Amino acid sequence: LEAWLVDSIFPAWLGTEWDYNGTTQTPGEGQIACGYFVTTCLRDVGFNLSRIRMAQQPAELVINALSPRALRQRWSGTSIDQFVSDMLRMGPGIYIVGLDYHVGFLVVDGDRVDFWHSSFLFPAMVIRESALQSPILTTSQYRVIGRIAPNETLVRKWLRGERVGD
């Protein structure tokens, strides 16, 4: 699941244009908003979910639906350095991150935290950037994360094709 997302699904979307109302289902064609990027990636890796309804929800509700309380955490008014340090301590994996007005994925791998998202800032497209260097992640006053992999409960639902996020 993790390798499929990081090595195939996320990279396919790189360069796809962002638009607040973007709902494309095809990487590289049309535009995609941040919530639709998240839910479309999850759907395309095989999660059984309501792509549209989930994309339109606040990020924290999506995170709560996918990650048990033990795999969620919130920060408010925390520096980006502290946030990234905390993420590294949480360990390798893929997380959904909800911000003041944005949502995307964080990939923690070794000593690196990457932010994959459909960015509304220039160049206004799906990008991968260092969490420490991301203007959106750095300036957000509120950050909430939920681990989606490894996440035994979610992976079990994925393998069984059970509905998630309802």
Side-chain angles (χ1 to χ4, degrees), residues 1-74 87-88 90-99 101-110 112-120 124-131 134 136-137 143-166:
L1 175 61
E2 292 176 62
W4 194 2
L5 279 167
V6 173
D7 297 337
S8 297
I9 301 294
F10 296 165
W13 285 95
L14 286 173
T16 304
E17 291 181 20
W18 170 86
D19 184 81
Y20 181 79
N21 296 304
T23 61
T24 187
Q25 298 186 58
T26 307
E29 295 181 16
Q31 297 88 29
I32 193 155
C34 60
Y36 281 94
F37 170 67
V38 168
T39 62
T40 304
C41 288
L42 294 174
R43 184 209 55 198
D44 288 353
V45 81
F47 282 103
N48 179 0
L49 52 80
S50 175
R51 171 185 169 265
I52 295 170
R53 196 173 91 245
M54 188 178 273
Q56 295 173 348
Q57 292 181 352
E60 190 158 5
L61 293 180
V62 174
I63 290 166
N64 290 347
L66 299 176
S67 300
R69 187 177 309 266
L71 299 179
R72 299 189 307 245
Q73 190 165 338
R74 285 187 204 97
M87 291 302 305
L88 290 168
M90 292 176 75
I94 301 174
Y95 302 79
I96 294 178
V97 59
L99 307 173
Y101 305 102
H102 197 55
V103 66
F105 294 99
L106 289 175
V107 176
V108 178
D109 185 15
R112 197 178 158 87
V113 180
D114 287 327
F115 185 31
W116 293 81
H117 62 116
S118 186
S119 178
F120 55 86
M125 67 174 84
V126 175
I127 60 173
R128 171 191 181 187
E129 58 188 348
S130 164
S134 169
I136 294 173
L137 198 57
R143 302 178 190 105
V144 58
I145 60 94
R147 185 193 301 252
I148 59 167
N151 174 334
E152 187 176 325
T153 303
L154 187 60
V155 170
R156 194 174 291 125
K157 288 181 178 185
W158 174 66
L159 289 170
R160 294 178 180 155
E162 293 175 14
R163 191 80 165 168
V164 297
D166 290 332

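Note that this is a predicted model, so its numbers are computed, not measured.
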query = In this structure, which one of V107, I94, I148 forms a side-chain contact (heavy atoms from CB on, under 4.5 Å) with E2?
reply = I94
request  = On the 0 to 90° scale, with breaks at 30° and 60°, tag the H102-F120 ring pair as parallel, tilted or perpendicular.
outcome  = perpendicular
query = What's the verdict on side-chain contact (heavy atoms from CB on, under 4.5 Å) for S119 and W18, showing C-alpha distance, side-chain angles and the deciding distance?
reply = CA-CA 6 Å; S119 178; W18 170 86; 5.9 Å; no
query = Any ion pair linking R156 and E162 (charged N to carboxylate O, less than 4.0 Å)?
reply = no
inquiry  = What I'd like to find out is whether the side chain of I52 reaches to under 4.5 Å of the side chain of Y36, using heavy atoms alone.
reply    = yes
Pairs where residues 44-58 contributes a residue and the test salt bridge (Lys or Arg N to Asp or Glu O under 4.0 Å) is met, not counting sequence neighbours = R53-D166
ask   = Does the side chain of I127 reach to within under 4.5 Å of the side chain of M125, using non-hydrogen atoms?
value = yes
key: Inter-residue atom distance T39.OG1 - Q57.CD, 0.5 Å rounding   = 10.0 Å
ask   = Of the non-hydrogen atoms in L1 and A149, which two are nearest, and what is the gap between them?
value = CD2-CB, 4.3 Å
query = Would a distance-only check, ignoring hydrogens and angles, find a side-chain to backbone donor-acceptor pair under 3.5 Å from S134 to S130?
reply = no
query = Between V103 and V97, is any pair of side-chain heavy atoms under 4.5 Å apart?
reply = no
ask   = Are K157 and F47 side-chain neighbours, meaning at least one heavy-atom pair lies under 4.5 Å?
value = no
task = Any chance you could lay out the side-chain contact (heavy atoms from CB on, under 4.5 Å) test for L154 and S67, step after step, and finish with the verdict?
result = CA-CA 7 Å; L154 187 60; S67 300; 5.7 Å; no
inquiry  = If you take the centroid of each ring, where Trp contributes its six-membered ring, are F105 and F115 closer together than 6.0 Å?
reply    = no
query = Looking only at side chains, do Y20 and Q31 share a donor and an acceptor under 3.5 Å apart?
reply = no
note = Heavy atoms of C41 and F10 approach each other most closely as SG-CD2, 3.9 Å
inquiry  = Quiz question: by atom type and distance under 3.5 Å, do the side chains of R143 and Q73 form a donor-acceptor pair?
reply    = no
query = Is any side-chain heavy atom of D114 closer than 4.5 Å to a side-chain heavy atom of D109?
reply = no
Flag side-chain contact, heavy atom, 4.5 Å: L66 against L42 = yes
ask   = Out of curiosity, N48 CG to R163 CZ, how far, rounded to the nearest 0.5 Å?
value = 5.0 Å
query = What are the two closest non-hydrogen atoms of A65 and G165, and how far apart are they?
reply = CB-CA, 3.6 Å
task = Classify the angle between the aromatic ring planes of F37 and W13 as parallel (below 30°), tilted (30 to 60°) or perpendicular (above 60°).
result = perpendicular
key: Working for side-chain contact (heavy atoms from CB on, under 4.5 Å), residues R72 and V144   = CA-CA 7 Å; R72 299 189 307 245; V144 58; 5.6 Å; no
task = Spell out, as yes or no, whether a donor-acceptor pair under 3.5 Å connects the side chain of R112 to the backbone of A131.
result = no
query = Hey, are the side chains of L14 and R128 touching, using non-hydrogen atoms and a 4.5 Å cut-off?
reply = yes
query = Looking only at atom types and distance, does a side-chain atom of D19 sit under 3.5 Å from a main-chain N or O of I32, one as donor and one as acceptor?
reply = no
task = Return yes if some donor-acceptor pair links the side-chain N/O of T16 with the main-chain N/O of P27 below 3.5 Å, else return no.
result = no
task = For the pair M90 and I145, evaluate side-chain contact (heavy atoms from CB on, under 4.5 Å) and give the outcome as yes or no after the intermediate values.
result = CA-CA 11 Å; M90 292 176 75; I145 60 94; 3.3 Å; yes
Close side-chain approach of E60 to R74, heavy-atom, < 4.5 Å = yes
